[in-house]
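I have placed the structure first, in the form of structure tokens, so that the comments after it can refer back to it.
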Amino acid sequence: MNEAGDFSHIPIIDVAELVAGGPGRREIAARLGAACRESGFFYVVGHGVDEGLQGRLRELSRAFFALDLERKMRIRMALGGRAWRGYFRVGDELTSGQPDQKEGVYFGAELPADDPRVRAGTPLHGPNLFPDEPAGFREAVLEYMAALTGLGHRLMAGVALSLGFDEAYFAERILGEPLTLFRIFNYPPPADPGLWGVGEHTDYGLLTILLQDDAGGLEVKSRSRWVPAPPLPGSFVCNIGDMLDRMTGGLYRSTPHRVRNPAPRDRLSFPFFFDPAFTARVRPIDVPGRGAIDDDRDERWDRASVHAFDGTYGDYLLAKVGKVFPELRASVL
Ligand SMILES: O=C(O)CCC(=O)C(=O)O
Ligand SMILES: [Fe+2]
């Protein structure tokens, strides 16, 4: 790497020892830390998430998106209300101000109606909207979210070690009740080659763990160019989000990325967002080796500063979701 943020490849890190809590985990943590500083992106292999489960999820998702629109709309997001769950059509989401060329389903932690957070009407908390078909979708989604929640905790333990903290640092402060959002996206080949599946953006929270099919099309913004993050068998692509950028004063950067499906068929992707608790106040932390806050507001996709923000993660997230789904804004905020 020459200059900060000018990278040309995304490292592949075998996290098996970190997941197992073995003696090699400190070395793995150091590699995670280097990746977070250089590009904010890394692949993980050796993560232990069952291949059969991933395959099942892929097949069920393909079957769901192949249904008629009318059947998919039986779980439309408007029915999910404040919980912010369910199906949205191609063009409904505006990540970066323009309609994304993707459809998808939003899931989150499955909370019953009598959970105190749901009873209090807390946005983004509640039961999921699962489709009746294909059979087994609900089970596969819940099993996958449980597996990825476990992996998220282990990776954040590694991030804590990489910053010179105890492994439980984030778990004890902001991840007691992590906000986990899981989305399944289907990107048709764009009708117009100038249209983006997902426009340039950064992720909002701590850590995103992405499973993608073999179509490709994900690109990550380096200082001098866009770097492809092609699918690698058996891997997840991980990237850090705005909250870790904020906490580390820009030492760990939430790097912009975008997607355009280059394949002549649909592209499936499965981003899992492992984020601070909704009520967590996310404050800058004292990180060894950090200089003055490195604010990149003028270069950012949204011209907003994650460092100027002060509040809970819920405040930050709600301001964002209101923008990306303008039509549903009223039901959540
Ligand atoms: O579909 C992908 O590969 C990435 C999606 C993404 O960046 C996001 O949902 O934040
Ligand atoms: Fe993203």
Side-chain angles (χ1 to χ4, degrees), residues 49 53-95 99-111 118 123-149 152 179-188 196-199 201 203-205 208-213 215 217-218 236-237 259 261 265-275 317 320-322 324-329 331-332:
V49 177
L53 171 60
Q54 295 179 49
R56 192 148 49 92
L57 190 63
R58 248 192 307 263
E59 287 319 307
L60 290 164
S61 302
R62 199 164 286 144
F64 173 75
F65 288 115
L67 296 173
D68 298 340
L69 184 61
E70 181 266 322
R71 282 150 88 182
K72 292 186 274 195
M73 289 295 274
R74 288 178 192 163
I75 57 157
R76 62 188 175 278
M77 284 185 78
L79 301 175
R82 292 170 87 81
W84 207 256
R85 307 291 164 88
Y87 172 75
F88 68 90
R89 294 164 301 185
V90 174
D92 280 350
E93 185 168 20
L94 285 72
T95 300
D100 293 338
Q101 299 304 297
K102 68 173 183 346
E103 60 182 332
V105 196
Y106 271 47
F107 299 103
E110 176 70 4
L111 297 179
V118 183
L124 298 152
H125 291 72
N128 285 293
L129 292 178
F130 289 109
D132 293 336
E133 50 189 339
F137 204 55
R138 174 196 175 93
E139 291 71 19
V141 165
L142 291 176
E143 214 180 301
Y144 187 79
M145 283 197 295
L148 275 272
T149 299
L179 191 68
T180 52
L181 293 180
F182 177 45
R183 302 167 175 178
I184 304 181
F185 294 143
N186 183 51
Y187 300 76
W196 289 97
V198 176
H201 68 283
D203 293 349
Y204 311 143
T208 305
I209 308 173
L210 173 82
L211 170 65
Q212 54 176 330
D213 75 4
L218 172 63
F236 296 123
V237 176
V259 177
N261 177 11
R265 55 167 177 82
D266 289 1
R267 170 187 191 266
L268 281 177
S269 78
F270 306 81
F272 178 82
F273 300 89
F274 190 65
D275 294 345
L317 190 58
K320 296 283 186 187
V321 295
V324 299
F325 281 105
E327 263 187 43
L328 293 172
R329 193 162 181 257
S331 59
V332 172

Verdict with supporting geometry, H201 and D203, side chain to side chain contact (heavy atoms under 4.5 Å, CB included): CA-CA 7 Å; H201 68 283; D203 293 349; 3.1 Å; yes
Residue pair L179, L317: steps toward the side chain to side chain contact (heavy atoms under 4.5 Å, CB included) verdict: CA-CA 11 Å; L179 191 68; L317 190 58; 3.4 Å; yes
Go through it in stages, so that I can follow the logic: the residues are K102 and D92, the test is side chain to side chain contact (heavy atoms under 4.5 Å, CB included), and I'd like the CA-CA distance, side-chain angles, deciding distance and then a yes or no. CA-CA 8 Å; K102 68 173 183 346; D92 280 350; over 6 Å; no
Given the rule in the side chain to side chain contact (heavy atoms under 4.5 Å, CB included) test, do E103 and F185 qualify, once you have shown the distances and angles that lead to the verdict? CA-CA 6 Å; E103 60 182 332; F185 294 143; over 6 Å; no
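In this structure, the side chains of F88 and R76 stay at 4.5 Å or more apart for every pair of heavy atoms. Y87 has its side chain within reach of L69: a pair of non-hydrogen atoms, C-beta onward, lies under 4.5 Å apart. In this structure the side chain of L79 reaches within 4.5 angstrom of the side chain of L129, judged on heavy atoms. The side-chain heavy atoms of W196 and Q101, taken from C-beta on, include no pair separated by under 4.5 Å. Residues L211 and Q54 meet the side-chain proximity criterion, which asks for heavy atoms closer than 4.5 Å. Using a 4.5 Å cut-off on side-chain heavy atoms (C-beta onward), I75 and F64 make contact. A heavy-atom distance below 4.5 Å is found between the side chains of R267 and L218. Residues T149 and Y144 are not in side-chain contact: their nearest non-hydrogen atoms beyond the backbone lie 4.5 Å or more apart.
Minimum interatomic distance between L268 and D213 (heavy atoms only, all atoms of both residues): N-OD2, 2.9 Å. Here the shortest heavy-atom pairing between P271 and T208 reads CB-CG2, 4.2 Å.
Using bins of under 30°, 30° to 60° and over 60° for the plane-to-plane angle, the ring pair F272/F274 lands in the parallel bin. Ring geometry, F182 versus F270: the interplanar angle falls under 30°, so the pair is classed parallel (tilted spans 30 to 60°).
The distance from the CG atom of L67 to the CZ atom of R62 is 14.0 Å, given to the nearest 0.5 Å. The distance from atom CG of D100 to atom OG1 of T95, rounded to the nearest 0.5 Å, is 3.5 Å.
In this structure, R183 satisfies the cation-pi test against F273, with its NZ or CZ atom closer than 6.0 Å to the six-membered ring centre and inside 45 degrees of the ring normal.
The side-chain hydrogen bond (donor to acceptor under 3.5 Å, both in side chains) analysis of residues 125-134, with sequence neighbours excluded, yields the pairs R71-E133, R85-N128, E110-N128.
Ring-centre distance between F107 and F130: below the 6.0 Å cut-off.
Salt-bridge formation is not detected for the pair R56/E139: no Lys NZ or Arg NE/NH1/NH2 atom is positioned less than 4.0 Å from an Asp or Glu carboxylate oxygen.
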